Amino acid sequence: STMNIVILAAGQGKRMQSSIPKVLHPLAGKPMLGHVLDAVSLLSDAENIQPCVVIGHGGEAVQQYLLKHYPKTRVALQNEQKGTGHAVIQGLNQEVSEGITLVLYGDVPLIQRQTLKQLLDIASDGVLALLTQHVNNPTGYGRIVRNLNGEVVQIVEEKDADAQVKKITEINTGILACPTQELNHWLAQIEPNNTQGEYYLTDIVSLAANVHTPIRTTTPTFDWETQGVNSRAQLALLERVYQGHLAQDLLDSGVTIVDPARIDIRGSLECEPDVFIDIGCIFEGSVRLNTGVRIGPYCQIKNSTIDAGTQVHAFTHIDGAKIARDAVIGPYARIRPGAQIADQVHIGNFVEVKNADVGKGSKANHLSYIGDATVGEGVNIGAGTITCNYDGANKHRTVIEDGAFIGSDTQLVAPVRVGKNATIGAGTTLTKDAPAQKLTISRTKQASIDWQRPIKNKLMNDQ
């Protein structure tokens, strides 16, 4: 079955007070337009359909975004803002005149796949399918007017509605699906006789009713799916509504979220039961937390997997890492891309790990940098230890074998290797390999000298 998907994204979004096009403002970490394209991706991938995004004046940034993230998408330009009907005409693929056209909006980001599926199920040859909604306060929306048999006969905009019509609580969301052939025919008949002098897409409804085209309706699963965003205030409101929805799903699946109003998921967060998430945490990209993981307050976790029983204490940043079972991380730790942390490892406060493997049961409890390193099992890394991995041009690797003990304030000048069960004395600058089992130390001899500390010159200070 052939299909047109037209996403209207030409609006300038003046109320956003922004140089960034409205549809590129992020919601839950992804531009609004990205949410819409992801919702249709299942429909379009299966059928190999190219959705079309209609952009307006200044839409170059939107084009750049699509090229980078959704290269299969077509782009059409609506030069002048002549209304939704006019925009749809620009977006229709003239080579696809059969099948159904689905119309969506780049600033209505949270439309869900199951709702679109419902809509397309009732839209078939010769049927106009509308997504409508019952709301407590319909003010400002176009009303769905039905006849005595309950059939839709027209959509009346707020400005054109009389007192009787204004009482109707069923509103038009603007999202619709209908046969492309008929749509082309109706669009050609729309007249711009309204206060805005625009071609309204909604006018096709009365045209369809006049020729007795069956008009069917369905409603969204969630009432927030069809909320549009015209201002930053509306965006912030919708962000919290959506975050609440994501939190509710996690709560239902056996996750403890201390305060569902204080969690931000900007990507996908998969949790097994009995995960505990304290307040103020931000999850980005793709994150997985397995059974019994505890995340302390104000942590930021991105593109990482954390295995069962691990505890992450407050103010920890984890990015692009794999952390195994029963580890203890933080507070104030920074785990960077390429870090692989094994079972029962302790990474303490102000410790940074980057592109390094840390073996089972090893500990780096305070103030250390471990970069481009392979750390074996049962290694103890004393406070203030630094891998000097960068010579100003290239990165080099440090290898610390099982059971080694690295004294505090040691600098490991890579490339360098510490042998099995070796001990490095505190304050050592290691430039050559340290052999297994031995104590290696480099420091100047300690000396005590008779010496008088300077005293303050009273006269100078009084002036």
Side-chain angles (χ1 to χ4, degrees), residues 1-8 10-11 52 54 76 78 80-105 108 111 116 118-133 138 140-162 164-166 168-219 226 228:
S1 67
T2 46
M3 188 160 131
N4 267 300
I5 298 174
V6 180
I7 300 166
L8 305 188
C52 179
V54 181
Q78 184 190 20
E80 301 167 83
Q81 300 282 293
K82 289 195 200 160
T84 45
H86 177 250
V88 172
I89 293 172
Q90 315 309 308
L92 285 173
N93 185 348
Q94 293 315 318
E95 292 155 37
V96 184
S97 56
E98 295 295 304
I100 286 172
T101 295
L102 171 66
V103 179
L104 299 165
Y105 302 84
V108 181
I111 187 71
L116 291 180
Q118 277 165 226
L119 186 68
L120 291 169
D121 284 348
I122 61 167
S124 55
D125 288 349
V127 171
L128 169 56
L130 302 177
L131 188 65
T132 71
Q133 199 163 357
Y141 292 101
R143 307 299 204 281
I144 302 291
V145 179
R146 295 176 181 266
N147 64 17
L148 294 175
N149 297 333
E151 297 158 342
V152 177
V153 287
Q154 70 177 133
I155 294 175
V156 179
E157 296 302 327
E158 172 88 16
K159 306 187 267 308
D160 309 317
D162 60 26
Q164 201 56 37
V165 168
K166 280 183 179 167
I168 297 171
T169 58
E170 188 184 7
I171 57 142
N172 171 41
T173 66
I175 293 170
L176 57 83
C178 68
T180 306
Q181 268 182 323
E182 273 97 325
L183 179 61
N184 271 312
H185 184 60
W186 295 325
L187 287 169
Q189 296 176 57
I190 296 176
E191 301 281 345
N193 0 337
N194 48 60
T195 46
Q196 313 292 93
E198 288 186 354
Y199 295 85
Y200 288 156
L201 178 63
T202 44
D203 288 352
I204 69 169
V205 174
S206 51
L207 291 170
N210 289 344
V211 292
H212 304 295
T213 300
I215 301 171
R216 299 201 186 119
T217 64
T218 183
T219 55
T226 53

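Keep in mind that the numbers below use all heavy atoms, side chains included, and drop hydrogens, waters and symmetry copies. Positions are given from 1 along the sequence. Every value quoted in this text rests on a predicted model; they were computed, and no experiment measured them.
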- Candidate pair Asn4 and Leu102, rule side chain to side chain contact (heavy atoms under 4.5 Å, CB included), full reasoning: CA-CA 6 Å; Asn4 267 300; Leu102 171 66; over 6 Å; no

Just verifying a value: how many Å separate [X] [atom1] and [Y] [atom2], rounded to the nearest 0.5 Å?
X	Y	atom1	atom2	result
Leu201	Ile175	CG	CD1	11.5 Å
Gln118	Thr219	CD	OG1	6.5 Å
Arg146	Thr217	CZ	OG1	4.0 Å
Arg216	Leu128	CZ	CG	10.5 Å
Leu130	Leu119	CG	CG	8.0 Å
Asn93	Thr2	CG	OG1	10.0 Å

[X] side-chain N/O to [Y] backbone N/O, donor-acceptor pair under 3.5 Å:
X	Y	answer
Tyr105	Gly228	no
Asn149	Glu151	no
Asn194	Glu198	yes
Thr132	Glu170	no
Arg143	Val156	no

Side-chain heavy atoms of [X] within contact of [Y], under 4.5 Å:
X	Y	result
His86	Gln81	no
Thr202	Thr84	no
Val145	Ile168	yes

Nearest heavy-atom neighbours spanning [X] and [Y]:
X	Y	answer
Ala161	Val165	CB-CG1, 3.7 Å
Val153	Ala209	O-CB, 3.4 Å
Ile122	Ala129	CG1-CB, 3.7 Å
Ile155	Ile144	CG1-CD1, 3.9 Å
Pro138	Ile171	CB-CG2, 3.7 Å

- Could you tell me whether Glu157 and Lys159 make a salt bridge, using a distance below 4.0 angstrom between a side-chain N and a carboxylate O? no

- Message: Is there a side chain to side chain contact (heavy atoms under 4.5 Å, CB included) between Asn172 and Val205? Walk through the geometry before answering.
- Response: CA-CA 11 Å; Asn172 171 41; Val205 174; over 6 Å; no

- Can you establish whether the number of heavy atoms outside Tyr200 located under 6.0 Å from its atom OH is more than 12? yes

Acceptor/donor pairs from residues 176-189 side chains to any protein atom, 3.5 angstrom cut, sequence neighbours excluded:
{"unit_1": "Thr180", "atom_1": "OG1", "unit_2": "Glu98", "atom_2": "O", "d": "3.4"}
{"unit_1": "Thr180", "atom_1": "OG1", "unit_2": "Gly99", "atom_2": "O", "d": "3.2"}
{"unit_1": "Thr180", "atom_1": "OG1", "unit_2": "Thr101", "atom_2": "N", "d": "3.4"}
{"unit_1": "Thr180", "atom_1": "OG1", "unit_2": "Thr101", "atom_2": "OG1", "d": "2.8"}
{"unit_1": "Asn184", "atom_1": "ND2", "unit_2": "Thr180", "atom_2": "O", "d": "3.4"}
{"unit_1": "His185", "atom_1": "NE2", "unit_2": "Gln189", "atom_2": "NE2", "d": "3.3"}
{"unit_1": "Gln189", "atom_1": "NE2", "unit_2": "His185", "atom_2": "O", "d": "3.4"}

